[in-house]
There are 2 protein chains.
Amino acid sequence: MELNERKKRILYAVVANHIQTAEPVGSRTVARAYRIGLSSATIRNEMADLEEMGYLEQPHTSAGRIPSQKGYRYYVDNLMGDGQLTEEEELSISRSLGLEKMREIEQIIANAVKVLSSVTNQTSLIMGPQFQKSTFQQMRILPLDDRRGLVVLITDSGFIKNKVIELDQSLSPAELHQVVTYLNQKLYGLTIDQVTTSLINELKRDLFRRLEILEQAFILLEESLREERQARVFLGGTTHILTQPEFKSVQKVHQMLSLFEQEALLFEILEQDLAKDDIVVRIGTENKYEDIQECTLITAAYKIDRRILGSVGVIGPTRMDYQWVIAVLRRLVDQLNQTLSSNR
Amino acid sequence: MELNERKKRILYAVVANHIQTAEPVGSRTVARAYRIGLSSATIRNEMADLEEMGYLEQPHTSAGRIPSQKGYRYYVDNLMGDGQLTEEEELSISRSLGLEKMREIEQIIANAVKVLSSVTNQTSLIMGPQFQKSTFQQMRILPLDDRRGLVVLITDSGFIKNKVIELDQSLSPAELHQVVTYLNQKLYGLTIDQVTTSLINELKRDLFRRLEILEQAFILLEESLREERQARVFLGGTTHILTQPEFKSVQKVHQMLSLFEQEALLFEILEQDLAKDDIVVRIGTENKYEDIQECTLITAAYKIDRRILGSVGVIGPTRMDYQWVIAVLRRLVDQLNQTLSSNR
DNA sequence: AATTAGCACTCGATGTCTTGGAGTGCTAAG
DNA sequence: CTTAGCACTCCAAGACATCGAGTGCTAATT
């Protein structure tokens with residue numbers, strides 16, 4: 001499986017050139033442009049070898065070679081170096097993310113995806129922080145008028161959920177306050193996931209004994225928790241994918257865009273590598289979902305104080321400037337982590 | 001400008017047929033399919049007249065005719081009847097909108113656009129209620145801990161905005177309460193638009209005399225008001241437009257989708273006919289924005305207790321089943337109005 | 001033994017030509 | 001005024017020729 005130095009250089013040349021031009025790369029091109037010091041004939045032989053070994057493929061007999069999925073994988077793992085951003089790119093990332101102050105977390109996230117897509121010129125996606133994984137901090141009920149109240153629920157990672165509810169008429173303010181205090185006490189520090197229906201029922205029974213009126217208060221709690229089992233996914237630069245030559249058929253575009261409309265699917269896609277603590281590159285069929293098996297997905301997790309909150313990524317054709325996109329993503333995540341953490 | 005009966009029937013036939021088939025319509029087709037009782041030759045003559053009058057046009061000499069923009073306009077204004085929905089369609093609208101209970105207004109809106117696009121198979125858009133136009137009801141500040149507080153601002157049409165702020169350390173709870181009470185008193189019943197910076201400054205001066213510490217409290221108020229000058233626009237079924245034969249070139253698709261990514265533009269587009277109290281049909285160049293001058297936009301305003309909140313619409317190629325889409329839209333808006341009003 | 005020049009061959013892309021058919025406009029007859 | 005008939009137009013689709021980039025193989029060279 002190991003390639004000798006010469007094969008490596010040739011493979012590198014083919015991949016690099018193909019990434020740039022989107023065209024099959026011929027032996028002449030490699031010979032001339034990458035000063036390997038060999039004639040095209042020799043390179044032709046090597047390329048034939050590389051094809052046999054599965055790193056390259058030929059669209060048709062008399063065309064040049066293009067990298068296979070395995071070829072890209074080898075390139076990503078062994079050949080490419082670390083990408084370097086231009087000063088301009090650096091700036092546009094830090095400027096647009098660094099200056100955010102005290103904004104809602106969702107806004108920061110939504111902005112991040114815009115920055116990412118506009119810098120990379122690729123479609124980007126980001127998974128919002130998972131409500132379920134954040135921990136309960138406190139809950140309040142604000143009486144609005146005599147019939148209705150506003151429930152406010154706050155979690156540690158900056159989520160604020162609110163919901164207007166009908167208040168049980170027979171519940172006195174003092175009693176209401178008592179219920180709320182009780183709940184805060186019991187729930188503090190639990191993750192939302194841990195606030196299961198059975199826990200709620202238990203609390204309900206417990207309270208019932210002391211206070212006999214609070215159906216509504218519990219319904220609200222359950223409701224606001226049940227909602228959003230799944231985090232939001234933000235998309236940016238959806239149309240960038242249309243500028244790629246590999247998406248010049250309307251049919252493919254359609255397939256791709258339909259996928260983008262299915263938030264639940266995007267969520268699953270982003271969620272799978274959430275635990276990994278580095279950049280994850282999924283090339284072609286390394287993706288589980290058929291619809292993106294002609295694409296590459298590059299993702300990274302973002303964190304707040306070392307705790308992983310969600311995942312952000314770029315999706316595009318397998319022919320992608322891996323080196324550079326990875327550098328951008330890395331930079332963006334750093335900045336994002338910093339911004340989020342300093343906001344607490 | 002008036003057309004005789006025969007011309008009307010022929011124009012109707014051409015439009016109706018073209019809407020169905022997306023192909024140019026020939027004289028033979030009209031003669032056979034629409035039992036006008038005339039030969040194709042006669043119809044040919046009439047069609048030539050209609051073309052000269054500007055209602056029809058010919059893609060090229062030896063092709064059939066297609067309706068011109070003027071032709072569609074005449075069809076919409078004078079020829080088509082009221083569309084009828086199937087029971088199934090009726091049901092799917094009322095089922096998916098009717099059952100909503102006590103949900104946030106934004107959720108109802110976001111759902112409505114999904115329903116509309118999936119029933120019509122067209123791209124749909126809906127403008128969320130304008131925060132600016134709703135009236136201030138009350139504002140509260142919930143202390144979270146000793147440094148921070150949660151500001152909650154509630155308006156009549158169901159908006160609830162919240163924001164975490166740093167509290168001025170030197171502000172005692174009693175004083176804070178006093179400020180909030182004062183503000184509520186002064187601002188109640190004003191639309192958000194009316195809460196201008198100058199008004200805030202005035203209040204600030206007024207309060208300053210009595211209470212000398214509240215910079216922060218005002219900053220928050222201004223900030224939460226300054227945000228969202230513009231309502232959100234929700235989109236649904238973006239990809240439906242790709243199934244239309246008039247969008248078979250990737251370039252057009254790209255242009256269209258790029259437009260969809262610009263929320264501010266969509267907002268302007270939807271806002272322009274907001275005051276009109278009926279369905280508005282804008283065909284081709286009747287749209288101000290160049291990018292959609294090959295499209296038709298059909299919009300309608302939705303209301304809560306007679307007050308117009310926002311606007312919902314469908315966008316597609318000028319060749320659109322006007323009659324039916326209008327019927328669907330009408331039905332949906334009725335249902336939406338009802339749902340929204342009953343939620344108060 | 002490795003490299004390279006040389007050459008025949010392959011195959012898609014591009015351009016030209018032909019053919020067929022749908023539809024028109026005009027004319028002359030009903 | 002209507003219609004049958006016919007010549008004419010023009011696009012779409014297929015057939016065919018041409019071109020050139022690139023290959024694989026062979027034989028000569030280092």
Side-chain angles (χ1 to χ4, degrees), chain A residues 3-11 13-18 20-68 71 245-246 248-250, chain B residues 3-11 13-18 20-68 71 245-246 248-250:
Chain A
L3 298 180
N4 64 34
E5 204 51 41
R6 200 163 78 182
K7 285 203 171 59
K8 281 188 191 175
R9 294 191 62 179
I10 293 175
L11 179 55
V14 173
V15 175
N17 194 281
H18 182 65
Q20 268 212 330
T21 63
E23 297 288 317
V25 185
S27 52
R28 259 177 76 89
T29 319
V30 174
R32 258 187 313 189
Y34 291 81
R35 44 181 77 215
I36 300 192
L38 292 172
S39 78
S40 65
T42 313
I43 293 183
R44 245 184 332 267
N45 289 327
E46 292 286 38
M47 281 167 80
D49 286 356
L50 283 168
E51 180 174 357
E52 209 171 338
M53 297 165 81
Y55 293 101
L56 295 179
E57 46 196 41
Q58 235 176 344
H60 54 87
T61 330
S62 69
R65 305 299 208 293
I66 59 175
S68 68
E246 25 280 271
K248 59 178 188 280
S249 108
V250 176
Chain B
L3 299 180
N4 64 35
E5 204 51 41
R6 201 163 77 181
K7 285 201 171 59
K8 282 188 189 173
R9 294 191 61 180
I10 292 174
L11 179 55
V14 172
V15 176
N17 194 280
H18 182 65
Q20 269 212 329
T21 63
E23 297 289 316
V25 184
S27 53
R28 259 177 76 90
T29 318
V30 175
R32 257 189 310 188
Y34 291 81
R35 44 178 78 217
I36 300 190
L38 292 171
S39 78
S40 66
T42 313
I43 292 182
R44 248 188 325 271
N45 288 327
E46 292 285 37
M47 280 167 78
D49 287 356
L50 281 169
E51 180 174 357
E52 209 171 338
M53 296 165 81
Y55 293 101
L56 295 180
E57 46 196 40
Q58 236 177 342
H60 55 87
T61 332
S62 70
R65 304 299 206 296
I66 60 174
S68 67
E246 19 290 85
K248 60 177 186 281
S249 107
V250 175

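Numbers restart at 1 for each chain; the letters A, B, ... are given by sequence-line order, proteins then strands. These numbers were taken from a predicted model, which means no experiment stands behind them.
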Please give, in whole Å, the distance from [N] [atom2] to [X] [atom1]?
X: B/H18; N: C/dG23; atom1: NE2; atom2: P; answer: 14 Å
X: A/D49; N: C/dT3; atom1: CG; atom2: P; answer: 11 Å
X: A/E5; N: C/dA2; atom1: CD; atom2: P; answer: 18 Å
X: B/R44; N: C/dT27; atom1: CZ; atom2: P; answer: 14 Å
X: B/H60; N: C/dG23; atom1: NE2; atom2: P; answer: 10 Å
X: B/I66; N: C/dG23; atom1: CD1; atom2: C1'; answer: 15 Å
X: B/R28; N: C/dG21; atom1: CZ; atom2: C1'; answer: 12 Å

- request: Test for a donor-acceptor pair under 3.5 Å between the base of C/dT10 and the side chain of A/S62, counting only N and O atoms.
  value: yes

message: What verdict does the side chain to side chain contact (heavy atoms under 4.5 Å, CB included) test give for A/N17 and A/V30, after you've listed the backbone C-alpha separation in whole Å, the side-chain angles of each residue and the deciding distance to 0.1 Å?
response: CA-CA 8 Å; A/N17 194 281; A/V30 174; over 6 Å; no

- prompt: Run the side chain to side chain contact (heavy atoms under 4.5 Å, CB included) check on B/V14 and B/Y55 step by step: do they pass?
  reply: CA-CA 10 Å; B/V14 172; B/Y55 293 101; over 6 Å; no

- prompt: Hey, does B/T42 reach any base, or is it just sugar-phosphate, or nothing, if we go heavy atoms under 4.0 Å?
  reply: base

message: Taking any heavy-atom pair under 4.0 Å as a contact, classify B/S40: base, sugar-phosphate, or nothing.
response: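 Result for B/S40 = nothing.
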
For the student: nearest non-hydrogen atoms of [X] and [Y], plus distance:
X: A/P67; Y: A/H18; answer: CD-CD2, 3.6 Å
X: B/K248; Y: A/V250; answer: O-CG2, 3.0 Å
X: A/N4; Y: A/K7; answer: OD1-N, 2.7 Å
X: B/G71; Y: B/L11; answer: O-CD2, 4.4 Å

- request: Under 4.0 Å from any heavy atom of chain B: name the first and the last nucleotide of DNA chain D that qualifies, 5' to 3'.
  value: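 With heavy atoms of chain B under 4.0 Å away, the range is D/dT2 to D/dC11.
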
- request: Would you work out how much the helix from C/dA1-D/dT30 to C/dG30-D/dC1 bends between its ends, with each end axis defined by five base pairs, to 10 degrees?
  value: 20°

query: Could you walk me through whether B/K8 and B/E5 pass the side chain to side chain contact (heavy atoms under 4.5 Å, CB included) check?
result: CA-CA 5 Å; B/K8 282 188 189 173; B/E5 204 51 41; 4.3 Å; yes

message: Could you check whether any side-chain N or O of B/S68 sits under 3.5 Å from a backbone N or O of B/E57, counting only pairs where one atom can act as donor and the other as acceptor?
response: no

Test side chain to side chain contact (heavy atoms under 4.5 Å, CB included) applied to A/L50 and A/R65, step by step: CA-CA 10 Å; A/L50 283 168; A/R65 305 299 208 293; over 6 Å; no

field: Nearest-nucleotide comparison on DNA chain D, the residue closer to the 5′ end among B/E46 and A/G26
entry: B/E46

- line: Comparing B/G37 with B/T61, nearest DNA chain D nucleotide closer to 5' gives the residue B/G37

